[in-house]
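Residue numbers run from 1 in the order of the sequence given.
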Amino acid sequence: MAATQLTADLHPLLTEYVIKKLQKNRLTTVYSFVKVEVEQLIKITNLPAESIVLVKNQLIDRFGGHCRNAQAHAAQPTVRLGTGISAIDALIQGGLIPGHIYEFCGESGSGKTLLCMTIAASVALERYSVYYIDTKCDFSGRKMQQILDRNGQRKLSEQELGHTMARIKVERIFSPELLVQVVEELATGKHLEEGTNLKLLIIDSLPSLWYLYQDSTSSAEPLGLLTKLICSLRKLAAQHAVAIGLVNLAVRVVEEMAGNTAEVKRKLCPNGSYPALGRYWESAPGTRLLLERYENQPESIVRAVQVWKSNYLRSGDRTFVRMTGSGVR
């Protein structure tokens, strides 16, 4: 308010003549106008008291902000989004928090895509919209139908099944530039124009796009795109209360890397891996979950899910899930 200039387009009663009168009395900003007593403004502008009070009240409502009771705001419960996996819901204290950015990290074949599809199905069943960005053509409509059916355990009519799958919008994107553009559009509220109740955005996955730059001679372009992406993701999450799930690779440290001082300084997981996309990306998500094969058995369907880092969960906590034909259980 203090820096907002007082101009004729702010209110119909603030004509050019009135503005010049105010400027002669060094009243050039909205703040300087509203803090002056009504009697003094009557003498300066020759406007009636009722008009001045009306203008002041409307300017205060527009530029003054609103006081909120912090205690009452804190008492409002945050409706979390269930993942459809009881063990993970317990691990993350009840489900995904709208407005929070999660990352599902793991080696290739650890079940990250199946986890994302299971979560997307659970959110869609709650009649929320899901935006699923697929960068590797791993999303399968047939698999999603199996997850929703849970191999016949859940009885959905054909109409209910169709409506639920329609709430999951899948878009295949194969370039970092297009991904950034789509997320920026969502952050500016494009989904609101379509009338969708968007609550979850999933990007599966990020490394497949940014690895296109691995032979680039300059790191400026990929780093700049990552910066734009995380800024747009945070804006989308915070301003529109959308939970965001990102898929990333967990990269193992090999002997050649162990001698690299830059790699030694990176924060490694207890299993000796680190998230792809470089050191800059490590702090991007609010919570990073690591998926691992249980006891390093390739044929095992059991996966350990561990809190790698989080700003509200205790790092190191973990649980176990099963990879099945009808999703993660």
Derivation and outcome, side chain to side chain contact (heavy atoms under 4.5 Å, CB included), residues I42 and I44: CA-CA 6 Å; I42 294 174; I44 295 173; over 6 Å; no
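- Taking the side chain as every heavy atom from C-beta outward, D204 and Y132 approach each other to under 4.5 Å.
- Within 6.0 Å of the CZ atom in R172, the count of heavy atoms belonging to other residues, nucleotides or ligands exceeds 12.
- For the pair D134 (side chain) and F139 (backbone), a donor-acceptor distance under 3.5 Å is present.
- Here the OG1 atom belonging to T113 is positioned 4.5 Å from the CG atom belonging to D138, to the nearest 0.5 angstrom.
- Side-chain atoms of S32 come within 3.5 Å of backbone N or O of T29 as a donor-acceptor pair.
- Taking every heavy atom of both residues into account, L114 and T324 meet most closely at CD2-O, 3.7 Å.
- L209 places none of its side-chain heavy atoms less than 4.5 Å from the side chain of L178.
- Rounded to the nearest 0.5 Å, atoms CE (M165) and CG (L148) are 6.5 Å apart.
- Separation of atoms CD1 (I147) and OG1 (T118) is listed at 4.0 Å; rounding is to 0.5 Å.
- Here the side chain of K309 pairs no donor or acceptor atom with the backbone of R288 at under 3.5 angstrom.
- V182 and F174 are assigned to two separate hydrophobic clusters, defined by single-linkage of ILVMFWY side chains at heavy-atom distances under 4.5 Å.
- In this structure, V180 and L225 approach most closely via the heavy-atom pair CG2-O, 3.7 Å.
- Rounded to the nearest 0.5 angstrom, K20 NZ and N25 CG are separated by 15.0 Å.
- Between K228 and E184, no side-chain nitrogen of the basic residue sits less than 4.0 Å from a carboxylate oxygen of the acidic one, so the salt-bridge criterion is not met.
- When atom types are taken as modelled, the side chain of S310 and the backbone of T287 share no donor-acceptor pair closer than 3.5 angstrom.
- Contact check for S110 versus E292: no side-chain heavy atoms found under the 4.5 Å cut-off.
- Under the 3.5 Å distance criterion, the side-chain polar atoms of Y102 are matched with a main-chain donor or acceptor of I97.
- Counted within 6.0 Å of CZ on R322, heavy atoms from surrounding residues, nucleotides or ligands total 12 or fewer; the atom is thus considered open.
- No donor-acceptor distance shorter than 3.5 angstrom exists from the side chain of K235 to the backbone of I230, with no hydrogens or angles considered.
- By the side-chain hydrogen bond (donor to acceptor under 3.5 Å, both in side chains) test, E177 is found to be paired with Y213, residues two or more places apart in sequence or in another chain being considered.
- By the 4.5 Å heavy-atom criterion applied to side chains, I244 and I203 are not counted as neighbours.
- K112 and G106 get closest at one heavy-atom pair: NZ-O, 3.2 Å.
- Under the 3.5 Å distance criterion, with hydrogens and angles disregarded, no donor-acceptor pair is assigned to the side chains of W308 and E103.
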Pair V321-R329, side chain to side chain contact (heavy atoms under 4.5 Å, CB included): steps then yes or no: CA-CA 6 Å; V321 297; R329 299 287 175 259; over 6 Å; no
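- Between the CD1 atom in I52 and the CD atom in E50 there is a gap of 9.5 Å [rounded to 0.5 Å].
- In this structure, I92 and L289 have side chains that are in contact, with non-hydrogen atoms separated by less than 4.5 Å.
- Across all non-hydrogen atoms, the minimal contact from E282 to P275 is CG-CG, 3.9 Å.
- Here CD of Q23 is found 9.5 Å from OG1 of T7. Values are rounded to the nearest 0.5 Å.
- The closest side-chain donor-acceptor pair between E171 and Y131 falls under 3.5 angstrom.
- Side-chain contact annotation: T135 with S208, donor-acceptor N/O pair under 3.5 Å present.
- Although no hydrogens or angles enter the test, the distance criterion places no donor-acceptor pair under 3.5 Å between the side chain of K199 and the main chain of E126.
- Shortest non-hydrogen contact noted between F104 and C116 is CD1-SG, 3.8 Å.
- The main-chain N or O of V130 is never found under 3.5 Å from a side-chain atom of K169 such that the two would form a donor-acceptor pair.
- Taking 4.5 Å as the limit, some side-chain heavy atom of L13 sits within range of a side-chain heavy atom of S51.
- Within a 6.0 Å radius of NZ in K56, more than 12 heavy atoms belonging to other residues, nucleotides or ligands are found.
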Derivation of the side chain to side chain contact (heavy atoms under 4.5 Å, CB included) call for M144 and D149: CA-CA 9 Å; M144 178 58 71; D149 282 340; over 6 Å; no
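- Put simply, the side chain of D89 gets close to the backbone of T83: a donor and an acceptor are under 3.5 Å apart.
- The two residues V38 and V53 have their closest heavy-atom pair at CG2-CG2, 4.1 Å.
- Residues L226 and Y280 meet the side-chain proximity criterion, which asks for heavy atoms closer than 4.5 Å.
- With hydrogens and angles ignored, the 3.5 Å screen pairs no side-chain donor or acceptor of R167 with any backbone N or O of V123.
- A donor atom on one side chain and an acceptor atom on the other are not found under 3.5 Å apart for N197 and S129.
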Derivation of the side chain to side chain contact (heavy atoms under 4.5 Å, CB included) call for L200 and V242: CA-CA 5 Å; L200 176 65; V242 174; 5.6 Å; no
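- Cluster membership for V247 and V305, using ILVMFWY side-chain heavy atoms within less than 4.5 angstrom, is not shared.
- Counting heavy atoms from C-beta outward, L246 and W281 have side chains that approach closer than 4.5 Å.
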